[in-house]
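By convention here, the first residue in the shown sequence is residue 1.
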Amino acid sequence: MSASKPLLSVEGLSKSYGGVHAVRGVSFSLFAGEILALIGPNGAGKSTCFNMLNGQTTPDAGLVHLLGRDVTGMRPREVWRLGVGRTFQITATFPTMTVRENIQVALSSHDRKLFNLTASMPSSALSEADRLLELVGMGGFAKRACGELAYGDLKRLELAVALANEPKLLLMDEPTAGMAPRERIELMRLTAQIAKEKSIGVLFTEHDMDVVFEHADRILVLNRGNLIAEGSPEDVRKNTEVRAIYLGEGLVYDARHREGAAP
């Protein structure tokens, strides 16, 4: 995608559990501002791969480089401080705290400071929290308790929290899970816009193929721990192995139908 050096470089990443290869020799690169989708059937190794990238799981073999630095086996906290944000399939917010306070917790953690959120939060942190909320379209929700939010709003809040440490790389695990179709489109459109504007590399897993093929610049396909395909959405759509193993003829038909082609 670019002649510049990759933001993230993964080489020969492998992990086994009891003799079962969860991930086997996976290699790929991700560039700043690029949206890269990691897809595959259940049990393909997506979550294991994700967890090795941000330090939750230590690989048996392989290397992970972030901006040229070897981060293989680093603890999640250390990886986070180097500029890696992550969102999860199940949202993790503090429901009794306000939307703004959730952002403030992330900001204070990033600055290695602890504040009394009701009394001593510096004005700079308050303004930064509000800026992040405006960025994700939640400026009017600052004083609302998280427990009152609709699920789609919680997902946007989680994105704002992930952006609090000014990440260079954003890992998103099933970012649209549980959302209504329109909310899925809006969240990924917002994510893509922010990524392009701020040159953030985004790697995401997703089961909704409409989301994947509309927003990904490139797609990686895992099956039984192996990387079986990599390329543009159109290249992956045409890949016969992908169609046979994962996507199925139904998706190919849907895509052709939307383009007005005969089935």
Side-chain angles (χ1 to χ4, degrees), residues 1-10 28-39 46 49-56 64-71 74 76-89 91-93 102-103 105-107 109-111 127-139 154-177 179 183-206 211-220 230 232-233:
M1 180 177 181
S2 170
S4 61
K5 293 183 179 180
L7 169 68
L8 174 70
S9 179
V10 176
F28 64 88
S29 296
L30 171 64
F31 293 86
E34 183 180 23
I35 313 295
L36 182 62
L38 178 63
I39 66 173
K46 303 185 299 296
C49 188
F50 248 56
N51 290 338
M52 286 190 286
L53 297 181
N54 82 325
Q56 287 184 297
V64 179
H65 285 89
L66 179 66
L67 290 174
R69 178 171 178 173
D70 186 357
V71 299
M74 280 189 178
R77 189 72 173 175
E78 296 171 327
V79 176
W80 181 77
R81 290 205 177 279
L82 291 176
V84 178
R86 181 167 181 179
T87 68
F88 296 85
Q89 183 175 353
T91 57
T93 57
N102 271 265
I103 303 294
V105 168
L107 289 170
S109 179
H110 175 52
D111 293 335
S127 61
E128 178 62 13
D130 288 341
R131 186 191 70 80
L132 287 168
L133 290 175
E134 289 289 345
L135 184 64
V136 299
M138 295 190 67
L154 283 172
K155 285 288 191 176
R156 286 193 290 162
L157 172 58
E158 188 183 33
L159 175 60
V161 168
L163 294 171
N165 72 324
E166 301 178 347
K168 304 172 183 68
L169 171 65
L170 185 59
L171 304 175
M172 305 181 75
D173 189 5
E174 297 285 345
T176 70
M179 301 179 74
E183 290 178 327
R184 295 175 184 179
I185 294 172
E186 291 174 351
L187 179 69
M188 289 309 299
R189 187 173 292 158
L190 173 64
T191 301
Q193 177 184 341
I194 293 172
K196 301 298 183 185
E197 290 177 353
K198 298 185 175 297
S199 295
I200 299 172
V202 177
L203 176 65
F204 74 102
T205 66
E206 183 58 65
V211 170
V212 170
F213 280 91
E214 180 174 349
H215 295 287
D217 296 313
R218 288 189 297 125
I219 300 173
L220 306 173
E230 175 182 358
S232 69

I would like to know whether Ile194 and Val202 meet side-chain contact (heavy atoms from CB on, under 4.5 Å); could you show each step before the answer?
-> CA-CA 10 Å; Ile194 293 172; Val202 177; over 6 Å; no
Return the [atom1] to [atom2] distance between [X] and [Y], rounded to the nearest 0.5 Å.
X: Leu38; Y: Glu230; atom1: CG; atom2: CD; value: 10.5 Å
X: Thr176; Y: Glu206; atom1: OG1; atom2: CD; value: 3.0 Å
X: Leu135; Y: Leu190; atom1: CG; atom2: CG; value: 6.5 Å

Minimum-distance pair of heavy atoms, taken over all atoms of [X] and [Y]:
X: Leu36; Y: Ser29; result: CD2-O, 3.9 Å
X: Arg184; Y: Met179; result: NE-O, 2.9 Å
X: Pro233; Y: Phe213; result: O-CE2, 3.2 Å
X: Phe50; Y: Phe204; result: CZ-CA, 4.0 Å
X: Gly33; Y: Asp217; result: O-OD2, 4.1 Å
X: Ala162; Y: Thr87; result: CB-CG2, 3.8 Å

Return the set of residues passing side-chain hydrogen bond (donor to acceptor under 3.5 Å, both in side chains) with Arg86 (not counting sequence neighbours), or none when no residue passes.
-> Asn51, Asn54, Gln56
For Glu134, what residues pass the salt bridge (charged side-chain N to carboxylate O under 4.0 Å, His left out) criterion, not counting sequence neighbours?
-> none
Hits for salt bridge (charged side-chain N to carboxylate O under 4.0 Å, His left out) against Glu183, two or more places apart or cross-chain, chain-then-number order -> none
Hey, does [Y] have a side-chain heavy atom less than 4.5 Å from the side chain of [X]?
X: Ile200; Y: Leu169; answer: no
X: Pro175; Y: Lys155; answer: no
X: Lys198; Y: Leu163; answer: no
X: Leu82; Y: Leu67; answer: no
X: Met52; Y: Val64; answer: no
X: Leu132; Y: Leu107; answer: yes

Sole candidate of Val136, Asp130, Leu157 that passes side chain to side chain contact (heavy atoms under 4.5 Å, CB included) when paired with Ile103 = Leu157
Full working for side-chain contact (heavy atoms from CB on, under 4.5 Å) between Met74 and Arg69 | CA-CA 11 Å; Met74 280 189 178; Arg69 178 171 178 173; 3.7 Å; yes
Run the numbers on Val71 and Glu78 for side-chain contact (heavy atoms from CB on, under 4.5 Å), then give the verdict.
-> CA-CA 9 Å; Val71 299; Glu78 296 171 327; over 6 Å; no
Evaluate the side-chain contact (heavy atoms from CB on, under 4.5 Å) criterion for residues Ile39 and Thr205: first the C-alpha distance (whole Å), next the side-chain angles of each, then the deciding distance (0.1 Å), finally the verdict.
-> CA-CA 6 Å; Ile39 66 173; Thr205 66; over 6 Å; no
